Amino acid sequence: MNQYPSEWDMLEDEEQPIVEADCAPPQPAPAPRGRRQAPPRSRQAPPSRENGGWQGKLALAVSLLALIVSCIALFLVLRPKAEEPKEPPAPPPAEEPVTFRFGDRVMTPLEGMPLNPYDRSCFGTDSKGRMTYEAEGKRGRTGIDVSAYQKEIDWPAVASDGIEFAILRLGYRGYTEGGLFTDQYFDQNLRGALDAGLDVGVYFFSQAITPEEAEEEAQYVLNALEGYDTACPIAFDWEPISDNTARTNGLDGGTLTRCAAAFCKTIQQAGHRPAVYFNQSLGYLRYDLRELTDYDLWLAEYGGKPDFYYHFDLLQYTHTGRVAGIEGDVDLDLDLR
């Protein structure tokens, strides 16, 4: 390899020295003056770029592969463990429909009809053998309902015997020809009960077979009460008659319900408080009580604490009560409103 003195790089505009050497190869022509041509130098070849680039790419690929493996391992560690498949839960047992019994009948409750709200344990008996009810500070009021069957009544004696209200029969419709009649003791009983300081209501014994007849009965009541205030309800009292000649035989429950509603609506529009009187049989089997919930419901149930399934406001609990001032039996009632 030929070496050239470094000072040759400093020569300008001068001829370069001639170095004699044995068997020296012919020299190239000198470069034109004013322009220096650098002598060729002998250098070692740089390392191959092809080898270095391949090694760098390999290292990068290895690093990326290691990173991917690390991420996969981390994911496998942190991912939630798959729950083992569970057997589907057994379906709940089918619920038995709600029913109750009335005699030998199994009854299905009327949808939407309010239920009996009273605590049976709160019913009791006082020292005179009369039913009482007291719950959450409320006390049932004791009363009677009467008609011409009780005949002459000593109303001051009744009031002194703990009776707080009286519901009087105002009149009735005949069950054969359908005429309207006033109870022969009504006026006397009305004045006597009011003078004795009792709260008073009335009932009409209906034998209506159409809503129009029930409205007629209600108007008959309103005419008889003109000038009087009633603190207790005016009740529609329809009852079946055990007589083959009764005009009401075969009356269906739907028509009966419409008759009661027509009577009560007429009374209510006149500014009084209407009610419907019935026993358990009529309440369960004839009336649709859902159509009558805007009015007071007066239940007749004898024989102990009432277990009627639906709501009621007044209770007639016996027809063999005893009260001072009245000879013989009389109906006793509780006002639970």
Side-chain angles (χ1 to χ4, degrees), residues 125-133 139-175 179-207 217-218 220-239 241 263 267 272-279 296 298-303 313-337:
T125 304
D126 67 11
S127 59
K128 297 181 180 181
R130 297 171 186 164
M131 182 177 288
T132 61
Y133 183 82
R139 180 185 65 84
R141 300 171 66 228
T142 299
I144 59 174
D145 61 270
V146 299
S147 69
Y149 292 105
Q150 277 71 42
K151 300 183 180 179
E152 298 285 343
I153 296 176
D154 182 349
W155 286 103
V158 170
S160 298
D161 198 21
I163 301 303
E164 299 169 89
F165 68 92
I167 302 178
L168 317 174
R169 186 175 76 165
L170 184 146
Y172 57 95
R173 184 187 288 275
Y175 66 84
L180 299 180
F181 304 95
T182 301
D183 185 290
Q184 67 185 90
Y185 281 86
F186 170 68
D187 290 331
Q188 179 179 329
N189 285 336
L190 178 61
R191 289 192 301 269
L194 289 174
D195 290 344
L198 299 181
D199 289 339
V200 173
V202 302
Y203 71 92
F204 189 87
F205 186 87
S206 172
Q207 287 293 282
E217 294 170 352
Y220 185 89
V221 169
L222 293 172
N223 292 339
L225 286 175
E226 190 172 357
Y228 290 97
D229 292 326
T230 56
C232 295
I234 297 175
F236 177 80
D237 173 18
W238 188 99
E239 299 180 29
I241 302 297
F263 180 97
I267 296 297
H272 297 275
R273 185 167 186 165
V276 179
Y277 171 90
F278 57 91
N279 61 14
D296 286 342
W298 182 10
L299 170 69
E301 182 179 336
Y302 306 155
D313 301 283
L314 296 100
L315 172 67
Q316 183 189 85
Y317 61 89
T318 183
H319 65 286
T320 58
R322 292 289 175 160
V323 174
I326 299 176
E327 292 185 11
D329 295 335
V330 65
D331 297 335
L332 290 175
D333 304 274
L334 275 178
D335 185 349
L336 300 167
R337 295 173 301 167

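This structure is a prediction, so every number in the text was calculated from the model and none was measured.
- Side-chain atoms of Glu152 and Glu327, non-hydrogen and from C-beta on, never get closer than 4.5 Å to each other.
- Expressed to the nearest 0.5 Å, how far CG of Leu225 lies from CG of Leu190 amounts to 7.0 Å.
- Not a single salt bridge (Lys or Arg N to Asp or Glu O under 4.0 Å) links Glu239 to another residue, sequence neighbours left out.
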Starting from the C-alpha separation in whole Å, work towards a yes-or-no answer on side-chain contact (heavy atoms from CB on, under 4.5 Å) for Val323 and Leu332. CA-CA 9 Å; Val323 174; Leu332 290 175; 3.7 Å; yes
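- Between Gln207 and Glu217, the side chains place no donor N or O within less than 3.5 Å of an acceptor N or O (distance only, hydrogens not considered).
- For the residue pair Leu334 and Thr132, the shortest heavy atom distance occurs at CD1-C, 4.1 Å.
- Side-chain contact between Asn189 and Arg169: absent, with no pair of heavy atoms (C-beta onward) separated by less than 4.5 Å.
- The salt bridge (Lys or Arg N to Asp or Glu O under 4.0 Å) test applied to Asp296 returns Arg273, Arg337, not counting sequence neighbours.
- Checked against side-chain contact (heavy atoms from CB on, under 4.5 Å), Thr320 has the following partners two or more places apart in sequence or in another chain: Thr318, Asp329.
- The closest side-chain heavy-atom distance from Leu168 to Asp183 is not below 4.5 Å.
- When side chains are defined from C-beta on, Ile153 does not count as touching Val330, because their heavy atoms never get closer than 4.5 Å.
- Partners of Lys128 according to the salt bridge (Lys or Arg N to Asp or Glu O under 4.0 Å) rule, which considers only residues two or more places apart in sequence or in another chain, are Asp161.
- Counting all heavy atoms, side chain and backbone alike, Gln184 lies closest to Ala148 at CG-CB, 4.0 Å.
- Nearest heavy atom pair, residue Leu198 against residue Ala166, reads CD1-CB, 4.3 Å.
- The side-chain heavy atoms of Phe204 and Leu180, taken from C-beta on, include a pair separated by under 4.5 Å.
- In terms of the side-chain hydrogen bond (donor to acceptor under 3.5 Å, both in side chains) criterion, Trp238 has no residue partners (sequence neighbours excluded).
- For Asp313, the side-chain hydrogen bond (donor to acceptor under 3.5 Å, both in side chains) test picks out His311, with sequence neighbours left out.
- Tyr317 contributes a side-chain N or O that, together with a main-chain N or O of Met131, makes up a donor-acceptor pair within less than 3.5 Å.
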Report the C-alpha distance between Tyr185 and Val146 in whole Å, list the side-chain angles of each, state the deciding distance to 0.1 Å, and finish with yes or no for side-chain contact (heavy atoms from CB on, under 4.5 Å). CA-CA 9 Å; Tyr185 281 86; Val146 299; over 6 Å; no
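- With contacts defined as side-chain heavy-atom distances shorter than 4.5 Å, the pair Ile144/Asp331 does not qualify.
- The two residues Ala157 and Gly325 have their closest heavy-atom pair at CB-CA, 3.8 Å.
- A search for ring-ring contact (aromatic ring centres under 6.0 Å, His included) contacts involving Tyr149 returns nothing, not counting sequence neighbours.
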Determine, stepwise, if the pair Tyr228 / Leu194 fulfils side-chain contact (heavy atoms from CB on, under 4.5 Å). CA-CA 10 Å; Tyr228 290 97; Leu194 289 174; 3.8 Å; yes
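- In this structure, Arg191 and Trp155 have side chains that are not in contact, with every pair of non-hydrogen atoms separated by 4.5 Å or more.
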Please determine whether side-chain contact (heavy atoms from CB on, under 4.5 Å) holds for the pair Thr142 and Asp126, giving the CA-CA distance in whole Å, both sets of side-chain angles, and the decisive distance to 0.1 Å. CA-CA 11 Å; Thr142 299; Asp126 67 11; 5.6 Å; no
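- If you take CG on Leu336 and OH on Tyr133, they are separated by 7.5 Å, rounding to the nearest 0.5 Å.
- Annotation for Val200 and Ala193: closest pair CG2-CB, 3.7 Å, computed over non-hydrogen atoms.
- Counting only N and O atoms by type, the side chains of Trp298 and Asp333 include a donor and acceptor under 3.5 Å apart.
- Listed by chain and number, the residues in a salt bridge (Lys or Arg N to Asp or Glu O under 4.0 Å) with Asp199 are Arg141 (sequence neighbours excluded).
- Under the side-chain hydrogen bond (donor to acceptor under 3.5 Å, both in side chains) criterion, Tyr277 pairs with Gln316, sequence neighbours left out.
- Taking 4.5 Å as the limit, some side-chain heavy atom of Phe278 sits within range of a side-chain heavy atom of Leu299.
- Scored by the side-chain hydrogen bond (donor to acceptor under 3.5 Å, both in side chains) test, Tyr220 finds Thr182 as partners (sequence neighbours excluded).
- Considering only residues two or more places apart in sequence or on other chains, Tyr175 meets the ring-ring contact (aromatic ring centres under 6.0 Å, His included) condition with none of them.
- Counting only residues at least two apart or on different chains, no salt bridge (charged side-chain N to carboxylate O under 4.0 Å, His left out) pair has a member in residues 224-238.
- For the pair Pro156 and Ala196, the tightest heavy-atom approach, listed with the atom from each and the gap, is N-CB, 4.1 Å.
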